[in-house]
Amino acid sequence: MREILVVDDERGFGEMLRTLLTKEQYAVTYQPDPERALENLATGRFAVVLCDVKMPRLSGQAFLQRSKERGDTTPIIMMSAYGTIDTVLECMKLGAYDYIGKPFKPDELVLVLRKLEEREGLRQENQRLKRELQKTHKLDNMVGRSAPMRKLFEIIQKVADYKSTVLITGESGTGKELVARALHYNSGRAKGPFIAVNCGAIPEQLLESELFGYVKGAFTDARSDKRGLFAEANGGTLFLDEIGELPLPLQVKLLRVIQEEEVRRVGDTKSFKIDVRIVAATIRNLSEEVDGRRFRQDLFYRLNVLPVHIPPLRERPEDIPLLVEHFLKQSSLRLGKKVNQVDPEAMRLLTGYPWPGNVRELENTVERACVFADKDTVTRDVLPDGFVAMTDRVRLTLDSGELSIKKTTRIIENELITRALHATGGNRTVAARLLEISHRALLYKIKEYEIDIPPR
Ligand SMILES: Nc1ncnc2c1ncn2[C@@H]1O[C@H](COP(=O)(O)OP(=O)(O)OP(=O)(O)O)[C@@H](O)[C@H]1O
Ligand SMILES: [Mg+2]
């Protein structure tokens, strides 16, 4: 129900408005006292205010001014029998939504209200869409519009706030660290530290003291006490990157720390409590590592409470144009250049390439293209040598040994449709003929694969 607040010292008129608007399905509150009306308005439940200009205790203009000054956003429509152009202007300047001269015909008022509702509806819809867009296409610095990425953003937002351990899997360069950071910065721990440690890059002995810390004299080089990374991450998130590389003895120790939420420094006799959220990442298939007895099963179960998988870029080519645009903006800014376009030929090559190095490779390729671009456009000649020949996604998929007919067919279909659309300058009717499928089937597939129609 749409609620209207009517403010007018003249009771007869106020009551008349109430009857009129109630008939039009509005819920009306009539308030002859403007001071009280300001209080009513503060409840935020009214969709619109109808306010008289000439009132003895508080003028309509003063009402308007006070409402706007305190930041009310409810639209206010002013009404007056003595309207001169000056009063109208003054009210509009003070932030009135509209102005209506008394006497008015009921239809006139209803029309003004309908228009306002329409506009408000559009505005709200607009805001909702904007929010939705941000939500689905972007999370922190992560972009993506493919179904799996949208799902991923949703999952991140859903699980960020829990303390349960997250295990992120995905090929190199798919954005595992980015996801780990997003989990931290979307959680209640965002103000706490985010500490990342690469378990594959540090030798075993060192890693132990790095993670857990040590006390003075624990070993020859331990000349003073050292806090470990677990202690550093207290109140925040510890990101254990390349967890698959963690040596077996440390796996035992890590499991104990996670289970007991307690850390004991090397050479110490006591443990101390910690509050750390663990996020781990690996490019390995950890259950295979478990089968091969290189990874402890109990630790795997402990880590894999909330599994998050990031698919390789070649399985979500719909994200490529968005990522290219994103990195082009970043590179232009960093390099102080103004490269903001990609010509269709170059874009076709970029979307067709299978990106074995995933998003990181794409990022580097775009930066390089930005460096070499002469004008504001990325063209095929600023893409790496040999890139063009490598872009045969179909051939590469077949060469990769992929046996799934479903996956391969999707890639082939996607490729053929993209080519046909390019060949016909985006003419879907002609493209459908070339592809020997119905126009309807083509439209359906364009939507399913989120293929961009090239401009004619
Ligand atoms: N969806 C995305 N949107 C924007 N940038 C991304 C996205 N995914 C990855 N990146 C960028 O790609 C690069 C590689 O990402 P990141 O370091 O998180 O990958 P990774 O999976 O940890 O790789 P590795 O396994 O090699 O460590 C980073 O610069 C990151 O910002
Ligand atoms: Mg990484």
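Each ligand, and each atom within it, is numbered from 1 in the order the structure gives. Every heavy atom of this structure was used, including side-chain atoms; hydrogens, water molecules and symmetry mates were not.
No donor-acceptor distance shorter than 3.5 angstrom exists from the side chain of E242 to the backbone of A281, with no hydrogens or angles considered.
If you look at I283 next to ligand 1, the close heavy atoms, those under 4.0 Å, all belong to the side chain. By the criterion of a heavy-atom distance under 4.0 Å, the side chain of E363, and not its backbone, is placed next to ligand 1. Contact annotation: for D319 versus ligand 1, there are no heavy atoms closer than 4.0 Å.
Contact between I76 and C51 at its shortest, heavy atoms only, is CG2-CB, 4.1 Å. Closest of all the heavy-atom pairs between P317 and T351 is CB-O, 4.1 Å.
Y26 carries R2 over the face of its six-membered ring, with the cationic atom under 6.0 Å from the centre and within 45° of the normal.
In this structure, the side chains of K216 and K226 stay at 4.5 Å or more apart for every pair of heavy atoms. With contacts defined as side-chain heavy-atom distances shorter than 4.5 Å, the pair V371/K337 does not qualify. Taking the side chain as every heavy atom from C-beta outward, E345 and T379 never approach each other to under 4.5 Å. Looking only at side-chain heavy atoms (C-beta outward), M78 and I100 stay at 4.5 Å or farther from each other.
Within the listing of ligand 1, atoms 18 (O), 22 (O) sit less than 4.0 angstrom from a heavy atom of E177. Listed by number with element, the atoms of ligand 1 under 4.0 Å from a non-hydrogen atom of M149 are 1 (N). Ligand-side atoms of ligand 1 in range of N141: 3 (N), 4 (C), range being under 4.0 angstrom from any heavy atom. Below 4.0 Å from some heavy atom of L323 lie the following atoms of ligand 1, by number and element: 2 (C), 3 (N), 4 (C).
By the 3.5 Å distance cut-off applied to N or O atoms, V359 is not counted among the residues near ligand 1. For ligand 1, the polar-atom distance check finds an N/O of V143 within less than 3.5 Å of one of the ligand's N/O atoms. Considering backbone and side-chain N/O atoms, S172 comes within less than 3.5 Å of an N/O atom of ligand 1. Distances between N or O atoms of H326 and those of ligand 1 include no value under 3.5 Å. Looking at R360 next to ligand 1, an N or O pair under 3.5 Å apart turns up.
The protein atom (non-hydrogen) at minimum distance from atom 7 (C) of ligand 1 is L178 CD2, 3.5 Å. Remark: minimum distance from atom 5 (N) of ligand 1 to any protein heavy atom is reached at F327 CZ, 3.4 Å. Shortest contact from atom 25 (O) of ligand 1 to any protein heavy atom: K176 NZ, 2.6 Å.
For the residues A196, S146, G175, G173, the heavy atom positioned nearest atom 24 (P) of ligand 1 is part of G173.
Put simply, no part of G170 is less than 4.0 Å from ligand 1, judged by heavy atoms.
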>> Evaluate D343 against T377 for side-chain hydrogen bond (donor to acceptor under 3.5 Å, both in side chains), listing each step before the verdict.
In response: CA-CA 7 Å; D343 82 1; T377 306; over 6 Å; no
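Using a 30° and 60° split on the angle between ring planes, F194 and H184 fall in the tilted class, from 30° to 60°.
Here E260 does not pair with K273 in a salt bridge; the nearest charged N to carboxylate O distance is not below 4.0 Å.
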